[in-house]
Number of protein chains: 2
Amino acid sequence: MSRASSMSDVARVAGVSAQTVSRVLSDHPNVGAATRARVRAAVEQTGYRRNRLARALVTGRSRTIGVVTHETDFYSASAILLGIQTAARASGYFVSTATTPSLSLDAIATAVERLMDQGVDGLVLAVPVREDVSLGDLTHDLPTVVVDGMRSSATEVVAVDQVEAGRVATDHLLGLGHDTVWHVAGPDTWNDAMGRTSGWRAALEDAGRLVPPVLYGDWTPASGHRNGTILGRMPEVTAVFVASDEMAFGVIRALAELGRRVPEDVSVVGMDDIALAPYAAPPLTTVRQPFRDMGRRAVEHVLALVTDPETVHEPEVVLPRLVERSSTAPRG
Amino acid sequence: MSRASSMSDVARVAGVSAQTVSRVLSDHPNVGAATRARVRAAVEQTGYRRNRLARALVTGRSRTIGVVTHETDFYSASAILLGIQTAARASGYFVSTATTPSLSLDAIATAVERLMDQGVDGLVLAVPVREDVSLGDLTHDLPTVVVDGMRSSATEVVAVDQVEAGRVATDHLLGLGHDTVWHVAGPDTWNDAMGRTSGWRAALEDAGRLVPPVLYGDWTPASGHRNGTILGRMPEVTAVFVASDEMAFGVIRALAELGRRVPEDVSVVGMDDIALAPYAAPPLTTVRQPFRDMGRRAVEHVLALVTDPETVHEPEVVLPRLVERSSTAPRG
DNA sequence: GCCCGGGATGGTGACGATCACATGATGGTG
DNA sequence: CACCATCATGTGATCGTCACCATCCCGGGC
């Protein structure tokens, strides 16, 4: 084809002005029924498709939202992205993604700028944004929702109650009779990870238990394995709360290598409830995170902000749910 | 801010015409050094950013590539997407994603149309496209590369040699002394899955072994578990080639539940080498797929097509590599 | 001294759509 | 029957950029 047909082509075929075509396509009320039908037919006949670029240029709206994610293949990231995709599509929006190789403010800012160059209407940051960062500076006041962030801050955040999540996991283990619970945490650059850690600590303190030192991982199963090797060598460790299922797989593997059985010798609770969690050995007790749902809600909220910048975020707190499987057992 | 600054704003500040600003920004040669500097300063001062939409409108290039993926959280999909993202960014391109809830031709066509509305310059289809489908009809002759497709077809495809992959896995098991190898395949709608199955069958036939009936899964661990329950009940099954690691987790779990040990009683080979594969119980022997690399190559090829539609695809065949871990052992 | 080539710049008109406003027809009302 | 509200449609300007062509100026060759 030499050139895609434009509105004036359609207008010519239908014998009306381009403006009328525009009205028909935008479902404007004030168009005669006969004209409308004629235009529809002409559109069909010419195979016309509205040019979104031209449209975006003049309206200032691209109907695209930008998503910044960390450049990893973690389950959580892809699940959130999936929720975002689905919700955006349902609302007739497009999704443009920018990954950032690092979590430094610079790298995130670069990703954001790339998306702004794209002309996105709103932004979902699926990366941790520290509380001391002014979101306005970062995003130049584009409607933005952060998926990993402190709910206490002024920024718009969609998140489950991570403190509660840490607490639920820990309480479950304490309830099984364990004296205390060890913790393999996520990187302290992530707000979600820190939230889980505080919940864990709070639960232990509330129960008057000893708070063991925190071990840190980087979300990868390999880092779980490293930490599992340490924990497995300490006979007093009977219960571990791991801040992600992927790390939990590593921990369990390391324990197995050291001859410590799960759950007979050590109980392990993960976090996320990834698709493979039920198929771990043993099936992993974990705290479910509604990733898709978070993505969906992030989109809904961004779109609300896009439509009306004055929208106030009502943080609906989603309570995480413990999914009990076989990696936890009463203290032997 | 009331309105982002435009080229004419910058031009006014620099005391030149908008055209000159455009030339400076496009690194056109014919601009005086002094003028160039002045314009650069003005750009800096006004915080000007070129409007990509307007640019795309007039040039007909959006510097965006569209990706169609299946709406799932499978590791493979997110890893490929990751490779695409990285490569696109490196080339200064943007990525817009559209997920399709089903693999029907209609659903895929809808996703493609959404992306075309977006004005993408090229397309990567990370979904299976049947050989009898005219890619041209689907994509209206937009530069397109398919990631899951038959290499034999006329379409532009980036893929590893799946037949070889199936063969490698099967040969490995036969080499360990197993009489034959059972197979849990992926859905027969996927070309990759079918390739693996043919490789498996060919390896068995070449070795003059009995070819057992194929069991089919849907890539999910749950489907692996279902099939594992069947296989585990048959004492004659000593070796299984599973078409994805995620299903392999399910198979292994089912075998464990039935009291069959891996690898002592049954050897299992997976496919993909997902991040969790080394942390399965036991660590999974599998065939590595270079997902990120495939994504990267898909982008490179699409961009070549965008630049020069006459580009001919040289299918560099990537040979898959067996990664031996502990889920396979010589026949006991 | 004249002419020519080419580097540096500016002006104009698309690109494809929408918006604000203008126009003409219609019909109901006092 | 004059008047105005309402609906249906057209006109012109505009969004921000780049392609194309015109213009100006300078230096060099003959």
Side-chain angles (χ1 to χ4, degrees), chain A residues 1-43 46-64 92 94 116-121, chain B residues 1-43 46-64 92 94 116-121:
Chain A
M1 58 196 149
S2 52
R3 192 178 53 84
S5 50
S6 80
M7 227 169 211
S8 55
D9 296 329
V10 177
R12 197 172 322 111
V13 172
V16 296
S17 77
Q19 179 57 193
T20 302
V21 176
S22 173
R23 285 202 187 87
V24 171
L25 264 43
S26 308
D27 280 327
H28 242 67
N30 296 348
V31 178
T35 314
R36 191 180 297 268
R38 203 140 33 86
V39 169
R40 286 257 156 74
V43 166
T46 53
Y48 168 72
R49 336 202 35 159
R50 255 199 299 203
N51 183 323
R52 253 179 29 85
L53 265 46
R55 220 186 145 165
L57 180 60
V58 66
T59 57
R61 290 262 136 99
S62 61
R63 291 191 78 77
T64 300
F94 300 89
M116 294 190 50
D117 278 350
Q118 268 269 57
V120 299
D121 292 343
Chain B
M1 54 191 152
S2 51
R3 194 177 54 84
S5 51
S6 80
M7 232 171 208
S8 56
D9 296 328
V10 177
R12 197 173 320 114
V13 171
V16 296
S17 77
Q19 184 53 221
T20 302
V21 176
S22 173
R23 278 197 271 261
V24 170
L25 263 42
S26 308
D27 279 327
H28 244 65
N30 296 348
V31 178
T35 313
R36 190 179 297 267
R38 203 140 33 84
V39 170
R40 287 258 156 73
V43 166
T46 53
Y48 168 73
R49 336 201 36 156
R50 251 196 307 201
N51 183 324
R52 249 180 34 85
L53 263 46
R55 224 177 149 198
L57 180 60
V58 68
T59 58
R61 290 263 136 101
S62 62
R63 292 191 78 79
T64 299
F94 300 89
M116 292 190 52
D117 279 351
Q118 267 270 55
V120 298
D121 291 344

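For the numbers below, each heavy atom of this structure counts, side chains included, while hydrogens, waters and symmetry mates do not. All chains are named by letter (A, B, ...) in the order of the sequence lines, taking the proteins before the strands, and each is independently numbered beginning at 1.
Whole-Å rounding puts the A:Arg52 CZ to C:dT18 P distance at 12 Å. Taking atom CG of residue A:Asn51 and atom P of nucleotide C:dC15, one finds them 12 Å apart after rounding to whole Å. Rounded to whole angstrom, the span from the CG atom of A:Asp27 across to the C1' atom of D:dA8 amounts to 16 Å. Here D:dT17 presents its P atom at 10 Å from CG of B:Leu53, a figure rounded to the nearest Å. Regarding B:Met7, its CE atom lies at a distance of 20 Å from the P atom of C:dA14, rounded to whole Å. The separation between B:Asp117 atom CG and C:dA17 atom P is 11 Å, rounded to whole Å. Atom CZ of A:Arg36 and atom C1' of D:dA8 are 11 Å apart (whole Å). Atom-to-atom, CZ of B:Arg38 to C1' of C:dA8 comes out at 12 Å; the value is rounded to the nearest Å.
End-to-end axis angle of the helix from C:dG1-D:dC30 to C:dG30-D:dC1, from C1' rotation axes over five pairs per end: 60° (rounded to 10 degrees).
The closest side-chain heavy-atom distance from A:Thr64 to A:Gln118 is not below 4.5 Å. Between B:Val39 and B:Arg23 there is no side-chain heavy-atom pair separated by less than 4.5 Å.
Among the nucleotides C:dG16, C:dT9, D:dT17, the one closest to the side chain of B:Ala54 is D:dT17. With D:dG10, C:dG10, D:dC18 as the candidates, the nucleotide lying closest to the side chain of B:Ser17 is C:dG10.
Rounding to the nearest 0.5 angstrom, the gap separating the CG atom in A:Leu25 from the OG1 atom in A:Thr20 is 11.5 Å. To the nearest 0.5 angstrom, B:Arg12 atom CZ is 5.0 Å from B:Asp9 atom CG.
In this structure, B:Ala11 and B:Ser17 approach most closely via the heavy-atom pair CB-C, 3.6 Å. Annotation for A:Phe94 and A:Arg52: closest pair CE1-CD, 3.3 Å, computed over non-hydrogen atoms.
Counting any heavy atom pair closer than 4.0 Å across all strands shown, A:Arg49 reaches sugar-phosphate atoms only and no base atom. Among the protein residues, B:Asn30 comes within range of the nucleic acid bases, having at least one heavy atom under 4.0 Å from a base atom.
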Report, as a single string ordered 5' to 3', how protein heavy atoms within less than 4.0 Å touch nucleotides 19-27 of chain D: B base, S sugar-phosphate only, - not at all. BB-------
Anything under 3.5 Å between a donor and an acceptor, one on a side chain of residues 28-36 of chain B, the other on a protein residue two or more places apart or in another chain? List them.
unit_1: B:Arg36; atom_1: NH2; unit_2: B:His28; atom_2: O; d: 2.9
unit_1: B:Arg36; atom_1: NH2; unit_2: B:Pro29; atom_2: O; d: 3.4

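Regarding contacts with the backbone of D:dC18, a side-chain N or O of B:Arg55 is found under 4.0 angstrom from either OP1 or OP2. Between A:Ser8 and C:dA17 there is no side-chain N or O to OP1 or OP2 distance below 4.0 Å. Proximity of B:Ser22 to the phosphate of D:dC18: a side-chain N or O atom is located under 4.0 Å from OP1 or OP2. For D:dG10, one of the phosphate oxygens OP1 or OP2 lies less than 4.0 angstrom from a side-chain nitrogen or oxygen of A:Thr20. The shortest distance between the side-chain N/O atoms of A:Ser6 and the OP1/OP2 oxygens of C:dG16 is not below 4.0 Å.
With sequence neighbours left out, A:Val13 forms a side-chain contact (heavy atoms from CB on, under 4.5 Å) with A:Ala42, A:Gln45, A:Thr46. Residues satisfying the side-chain contact (heavy atoms from CB on, under 4.5 Å) criterion with B:Arg55, sequence neighbours excluded, are B:Arg50. Residues passing the side-chain contact (heavy atoms from CB on, under 4.5 Å) test with A:Asp121, sequence neighbours excluded: A:Arg61, A:Ser62, A:Tyr93, A:Val306.
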